[in-house]
Amino acid sequence: MAQKPSIPKGTRDFSPMEMGRRNYIFDTIKSIFQKYGYQPIETPAMENLSTLMGKYGEEGDRLLFKILNSGDYLKKLDENDLSEGNSQKSAIKISEKGLRYDLTVPFARYVVQHRNDIVFPFKRYQIQPVWRADRPQKGRYREFFQCDIDVIGSNSLLNETELIRVIDEIFKNLGIDITIKLNNRKILSGIATIIDEPERLTDITTAIDKLDKIGIEKVYDELRAKGLSEDAINNLEPIINLGGENSKKLLCLKELIGLSEDGSKGILEMETMLSHLELLDIKAKIEIDQSLARGLNYYTGAIIEVKANDVNIGSICGGGRYDNLTGIFGLQDVSGVGVSFGADRIYDVLNELNAFPEQSQTTSELMIINFGEKESLHSLQVLEEIHKSGIKAELYPESAKVQKQMKYANQKSIPFVLLVGEEEMKTGNYTLKDMKTGDQYKFKLSQIINFIKEY
RNA sequence: GUGAUUGUAGUUCAGUUGGUUAGAACGCCUGAUUGUGGUUCAGGAGGUCGCCGGUUCAAAUCCGGUCUUCCACCCCA
């Protein structure tokens, strides 16, 4: 027991059953991405730390997995830094690479690096694992898969609209009821301006982001703790307390922050998106949430977050517009917008809702019982013909007891078993057994193939 | 990073104020059935009680450390 092997904290193995279900999610997502014209790319698991550091805020930097340099990395260490216990400085010297933290930043790097080969606007999708040195808990893993779509090189709000169209279609197909929450960084910065605290944007947004969780009084406490004046907090109150329909929220926002330049821009963007969505047949609930902030600090315009209505697991999809992510890597004035689907959380949601389709496991449709040397050689040829017809089939590799072989087929939920014994070999009439009903038929090879195909 | 929590058979869990041989269910294996699974019946195998150390005549049980599980916060998919 104690000597059992194990895997690192927050990582998981996936069994054939789980893979069947995961692939169902990936296939659904992928086919819809492709339907809207997105093309796949992949990037390496590791990036240079200089690419990753400083893109996700302070918290994000802490959660990056760093890869130790090879060779005698200790030589490069500065004794002063070491004795001071300056792990930040020392870390840079012994580690130059890190595991990617998300797919958006590597994508921005990719775009800048390959700008001459890319046709803009570039619509790409990417389904790969990412790693975060977080403490694992419900719906939170250290290795998990993101499914990203982004459009880069287009300012049009049609892109935002399309992303919401895609989100709605994916979750509709998966059978998950969702609410899509919308906000805009410009509205947030308008709020900060109007209460005369433009420098405090991040403090304000992270505080009001917690509104649902800790209640309004505690939000005020936190804002006071961060040094906001009572005047500013009083001015903030009507904005935080906004409720009601989207149209009403927009009207109020206009009144409250319409005078600030950013604020009115943000409201206009929001209005445009909502008017686009009116034209579409969107099933999900769409809600303006002026408290939605999102910590990733590269967002500059619309912010999108998706929650499952029936399962409490945090957001299962999120994203937004970033105007200058490529600028950090040296390509100015290229705006992008994208969202990321959290495959692992979607899995957990479907699991909790019991909403996986029955047939998500990959298994043979037919298994041939192995009766011994002579029979297995004959069966090999039968199997060859069955495979040629496109049916998934296997021959049990040992001439074990029929009982045992039947049990194997049963446990792998193989629906049909074929008995090829001495008598069957002689007549060419094989015994086909339907494992569900227990019925047995005497069929010729061609009949077997037709029977299974039509089943 | 902060705070709680868990660890006993393949799995899910019992195990009294420290006391002699650590249990159950399910699963697994064998047989009833040498050409028939999923049901039934009979039998069987399987545990360094997470790891290291301490207290004690005696530790699954008490103490310390460590790892692990899971949850909340932070943050996020």
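All values reported here derive from a predicted model rather than from experimental measurement. Below, chains carry the letters A, B, ... as their sequence lines are ordered, and counting in each starts from 1.
Straight-line distance from the CG atom of L63(A) to the C1' atom of G1(B): 9 Å, rounded to whole Å. Protein atom CZ of F371(A) is 5 Å distant from nucleotide atom C1' of G35(B), rounded to whole Å. Distance K407(A) NZ to G38(B) C1': 10 Å, rounded to the nearest Å. Look at CG on D134(A): it is 12 Å from P on A72(B), rounded to the nearest Å. Remark: P of A77(B) and CG of D148(A) are 9 Å apart, rounded to the nearest angstrom. In this structure, Y441(A) places its OH atom 15 Å from C1' of U36(B), rounding to the nearest Å. Taking atom CD1 of residue I7(A) and atom C1' of nucleotide U69(B), one finds them 12 Å apart after rounding to whole Å. For N410(A) and U39(B), the CG to P distance is 8 Å, given to the nearest whole Å.
Using a 4.0 Å cutoff on non-hydrogen atoms, no part of residues 28-40 of chain A comes near RNA chain B. Residues of residues 302-321 of chain A that place a heavy atom closer than 4.0 Å to RNA chain B, in numerical order, are S315(A), I316(A), C317(A), G318(A).
Of the candidate nucleotides C75(B), G37(B), G35(B), G37(B) has the atom lying nearest to any side-chain atom of M406(A). Among the nucleotides C75(B), G35(B), G38(B), the one closest to any side-chain atom of E59(A) is C75(B). Each of A77(B), U69(B), G1(B) was ranked by its minimum atom distance to the side chain of K9(A); first place goes to U69(B).
G50(B) sits 14 Å from U16(B) when the P atoms are compared, rounded to a whole Å. Comparing the same atom, P, in U2(B) and in U68(B) gives a spacing of 15 Å after rounding to whole Å. Here the separation of U55(B) from U11(B), taken at their C1' atoms, is 35 Å to the nearest Å. Comparing the P positions of A77(B) and U17(B) gives a spacing of 49 Å, expressed to the nearest Å. On the P atoms, U20(B) is 13 Å away from U61(B), given to the nearest whole Å. Nucleotides A14(B) and C57(B) place their C1' atoms 29 Å apart, quoted to the nearest Å. To the nearest whole angstrom, the two P atoms, one in G65(B) and one in U5(B), are 14 Å apart. Nucleotides C29(B) and A45(B) are separated by 7 Å at their C1' atoms, to the nearest Å.
Place V402(A) and Y141(A) on RNA chain B by their nearest nucleotides, and V402(A) ends up nearer the 5' end. Position along RNA chain B of the nearest nucleotide to P8(A) versus D344(A) favours P8(A) as the more 5'-ward residue.
Here the side chains of I303(A) and L188(A) are in contact, with some heavy-atom distance below 4.5 Å. Looking only at side-chain heavy atoms (C-beta outward), R165(A) and I282(A) come within less than 4.5 Å of each other.
In terms of the salt bridge (charged side-chain N to carboxylate O under 4.0 Å, His left out) criterion, residue partners of D177(A) (sequence neighbours excluded) are, by chain and number, K283(A). Residues passing the salt bridge (charged side-chain N to carboxylate O under 4.0 Å, His left out) test with R22(A) are D344(A), sequence neighbours excluded.
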Problem - Secondary-structure string, 5' to 3', Watson-Crick or G-U under 3.5 Å, | for another-strand partners, for RNA chain B - result: (((...(..((((.....[...)))).(((((.......))))).....(((((..]....))))))...)))....
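The main-chain N or O of K181(A) is never found under 3.5 Å from a side-chain atom of D289(A) such that the two would form a donor-acceptor pair. A distance-only check finds no donor-acceptor pair linking the side chain of R132(A) to the backbone of L63(A) [under 3.5 Å]. Formation of a donor-acceptor pair under 3.5 Å by the N309(A) side chain with backbone atoms of T179(A) is found in this model. Of the possible polar contacts, one joining the D61(A) side chain to the G54(A) backbone as a donor-acceptor pair under 3.5 Å is found. Judged by distance alone, the side chain of K453(A) and the main-chain N or O of S389(A) form a donor-acceptor pair under 3.5 Å. Side chain of T363(A) to backbone of K412(A): a donor-acceptor contact under 3.5 angstrom is found. A donor-acceptor distance shorter than 3.5 angstrom exists from the side chain of K55(A) to the backbone of M53(A), with no hydrogens or angles considered.
One donor-acceptor pair, N or O on each side, does fall under 3.5 Å between the base of G35(B) and the side chain of E424(A). Between the side chain of K433(A) and the base of G37(B), at least one donor-acceptor pair of N or O atoms lies under 3.5 Å. Side chain R140(A) to base C75(B): a donor-acceptor pair is found below 3.5 Å. Donor-acceptor pairing under 3.5 Å, judged by distance alone, is present between the side chain of Q440(A) and the base of U36(B).
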Pairs under 3.5 Å (N/O, protein and nucleotides 2-6 of chain B):
residue : atom : partner : partner atom : Å
U2(B)   : O4   : R135(A) : NH1          : 2.7
G3(B)   : O6   : R135(A) : NH1          : 3.3

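An OP1 or OP2 oxygen of G31(B) is reached within less than 4.0 angstrom by no side-chain nitrogen or oxygen of K404(A). For the pair Q411(A) and C28(B), the criterion of a side-chain N or O lying under 4.0 Å from OP1 or OP2 is met. A sub-4.0 Å separation between OP1 or OP2 of A72(B) and a side-chain N or O of Q137(A) is present.
A77(B) has no stacking from F341(A) on its base ring, since the centres under 5.5 angstrom apart and planes within 30 degrees of parallel are not both found.
Ring orientation note: the planes of Y56(A) and Y101(A) are tilted relative to one another, at an angle of 30° to 60°. The aromatic rings of F416(A) and Y455(A) sit perpendicular to each other, their planes meeting at more than 60°, with 30° as the lower class boundary. The aromatic rings of Y408(A) and Y396(A) sit perpendicular, their planes meeting at an angle over 60°, well past the 30° parallel limit.
Heavy atoms of G438(A) sit under 4.0 angstrom from at least one base atom.
A centroid separation of 6.0 Å or more is found between the aromatic rings of Y125(A) and F341(A).
The only member of F14(A), Y347(A), F33(A), F145(A) that meets ring-ring contact (aromatic ring centres under 6.0 Å, His included) when paired with F26(A) is F145(A).
Between K404(A) and E398(A) there is no salt bridge, since none of the side-chain N atoms of the basic residue sits less than 4.0 Å from a carboxylate O of the acidic one.
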